S.K.: 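This is the structure I have questions about; it appears just below.
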Amino acid sequence: RKMELFEGEYTITDEVSTYPTPGHTPGHQSILISSRGEKAIIAGDVLHSKVQVHEPSWCAGVDIDKAQSTSSREWLLDRAEAEGSLVAAGHFHPSENLGKIVRLEGRRYWQGI
């Protein structure tokens with residue numbers, strides 16, 4: 001199959017789709033997975049540090065559009081928390097790069113699994 005170029009949200013299969021999360025780079029996408037009642041998000045470059053879970057406005061120095069990066073991060077965190085999604089954060093330490101977004105005393109935290 002040939003490569004397909006797309007913009008915005010895109011459905012790859014019934015279980016796998018993309019959602020635009022620009023800011024780190026133009027056109028950045030996060031991958032959404034839904035299967036057998038479970039949900040996951042592959043964050044890509046939306047999250048660089050666990051501290052960004054409770055301080056989403058803190059941007060990596062390499063994010064080219066800080067406002068978009070913050071907005072994308074807030075969207076991802078809101079969705080992951082609301083849906084109880086597993087999040088794959090590839091920039092986190094390998095022993096802690098899979099987790100969930102949990103809230104304690106009004107603040108969000110990363111709960112590694």
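When a residue number appears, it is its place in the shown sequence, counting from 1. Here the structure is a predicted model, which is why all the values come from computation and not from measurement.
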S.K.: What I'd like to find out is whether the side chain of Leu32 reaches to under 4.5 Å of the side chain of Val16, using heavy atoms alone.
M.R.: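 When only atoms from C-beta onward are counted, Val16 and Leu32 do not touch, as no gap falls below 4.5 Å.
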S.K.: Show your working on side-chain contact (heavy atoms from CB on, under 4.5 Å) between Leu98 and Val87 and close with a plain yes or no.
M.R.: CA-CA 6 Å; Leu98 294 175; Val87 178; over 6 Å; no
S.K.: If only atom types and distance count, is the side chain of Lys39 paired as donor or acceptor with the main-chain N or O of Ile33 below 3.5 Å?
M.R.: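 Checking the backbone N and O of Ile33 against the side chain of Lys39, no donor-acceptor pair under 3.5 Å is found.
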S.K.: Test His91 against Asp45 for side-chain contact (heavy atoms from CB on, under 4.5 Å), laying out the working first.
M.R.: CA-CA 7 Å; His91 285 289; Asp45 291 322; 2.5 Å; yes
S.K.: For Thr70 and Cys59, run side-chain contact (heavy atoms from CB on, under 4.5 Å): C-alpha distance rounded to whole Å, both residues' side-chain angles, the deciding distance at 0.1 Å, then the answer.
M.R.: CA-CA 7 Å; Thr70 297; Cys59 296; 3.4 Å; yes
S.K.: Side-chain heavy atoms nearer than 4.5 Å, only ILVMFWY residues, links allowed to pass through others: does that put Leu76 and Tyr19 together?
M.R.: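 Per the 4.5 Å side-chain linkage, Leu76 and Tyr19 are co-clustered.
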S.K.: Give, for atom OG1 of Thr25 and atom CD1 of Ile64, the distance between the pair rounded to the nearest 0.5 Å.
M.R.: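 Answer rounded to 0.5 Å: 6.5 Å.
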S.K.: Looking at Arg73 and Asp78, is there a salt bridge between them, counting it only when a charged N and a carboxylate O are closer than 4.0 Å?
M.R.: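 Salt bridge flag = no for Arg73 with Asp78.
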S.K.: According to a 4.5 Å side-chain heavy-atom criterion applied to Ile, Leu, Val, Met, Phe, Trp and Tyr, with indirect links allowed, do Val51 and Leu47 form part of one hydrophobic cluster?
M.R.: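 No; Leu47 is not reachable from Val51 via cluster members.
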S.K.: What heavy-atom pair brings Ser30 and Ala43 nearest, and what distance separates the two atoms?
M.R.: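 Ser30 and Ala43 have their closest heavy atoms at OG-O, 3.3 Å.
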S.K.: Does a donor on one side chain and an acceptor on the other come within less than 3.5 Å for Tyr10 and Gln29?
M.R.: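 Tyr10 vs Gln29: no donor-acceptor pair found between side chains.
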S.K.: Do Tyr109 and Arg103 touch side chain to side chain, with heavy atoms closer than 4.5 Å?
M.R.: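 They are not in contact (no side-chain heavy atoms under 4.5 Å apart), so the answer is no.
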S.K.: Using the rule that two of Ile, Leu, Val, Met, Phe, Trp, Tyr join whenever any of their side-chain heavy atoms come within less than 4.5 Å, decide whether Phe92 and Leu86 are in one cluster.
M.R.: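 In one cluster: no.
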S.K.: In terms of hydrophobic clusters joined by side-chain contacts under 4.5 Å, are Ile42 and Leu77 together?
M.R.: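 In one cluster: no.
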S.K.: Check whether any side-chain N or O of Ser72 sits under 3.5 Å from a backbone N or O of Gln68 as a donor-acceptor pair, and report yes or no.
M.R.: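 Judged by distance alone, yes, a pair lies under 3.5 Å.
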S.K.: Could you check whether any side-chain N or O of Lys66 sits under 3.5 Å from a backbone N or O of Gly61, counting only pairs where one atom can act as donor and the other as acceptor?
M.R.: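 Confirmed, Lys66 side chain pairs with Gly61 backbone.
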S.K.: How are the rings of His24 and His28 set to each other: parallel, tilted or perpendicular (split at 30° and 60°)?
M.R.: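 His24 vs His28 ring planes: perpendicular.
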S.K.: Between Gln52 and Val46, what is the shortest heavy-atom contact and its length?
M.R.: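 Nearest pair, atom of Gln52 first, then Val46: OE1-O, 4.2 Å.
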S.K.: I'd like to know if the side chain of Thr11 and the backbone of Thr13 have a donor-acceptor N/O pair within less than 3.5 Å.
M.R.: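 No.
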S.K.: Distance-only, no hydrogens or angles: does the Asp65 side chain make a donor-acceptor pair with backbone N or O of Ala67 under 3.5 Å?
M.R.: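 At least one qualifying donor-acceptor pair exists.
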S.K.: Once you round to the nearest 0.5 Å, how far does CZ of Arg36 lie from CD of Glu15?
M.R.: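 Answer rounded to 0.5 Å: 9.5 Å.
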S.K.: What's the separation between atom OG1 in Thr18 and atom CD in Glu9, rounded to the nearest 0.5 Å?
M.R.: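 Interatomic distance, Thr18 OG1 to Glu9 CD, rounded to 0.5 Å: 7.5 Å.
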S.K.: With rounding to the nearest 0.5 Å, note down the distance linking CG in Leu5 to CE in Met3.
M.R.: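 These two atoms lie 4.5 Å from each other.
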S.K.: Kindly give the heavy-atom pair with the smallest separation between His48 and Asp63, and that separation in Å.
M.R.: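 For His48 and Asp63, the tightest heavy-atom pair comes out as CE1-OD1, 3.8 Å.
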S.K.: Do Leu104 and Val102 share a hydrophobic cluster (ILVMFWY, side-chain heavy atoms under 4.5 Å, transitive)?
M.R.: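 Yes, Leu104 and Val102 fall within the same hydrophobic cluster.
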S.K.: With a 4.0 Å cut-off on N to O distance, would you call Arg107 and Glu55 a salt bridge?
M.R.: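 Salt bridge present between Arg107 and Glu55.
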S.K.: At what distance, to the nearest 0.5 angstrom, does CD of Glu74 lie from CZ of Arg108?
M.R.: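 The CZ atom of Arg108 is 8.0 Å from CD of Glu74, to the nearest 0.5 Å.
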S.K.: Do you know the tightest heavy-atom contact between Trp110 and Ile101?
M.R.: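 Heavy-atom minimum between the residues: CE3-CD1, 3.8 Å.
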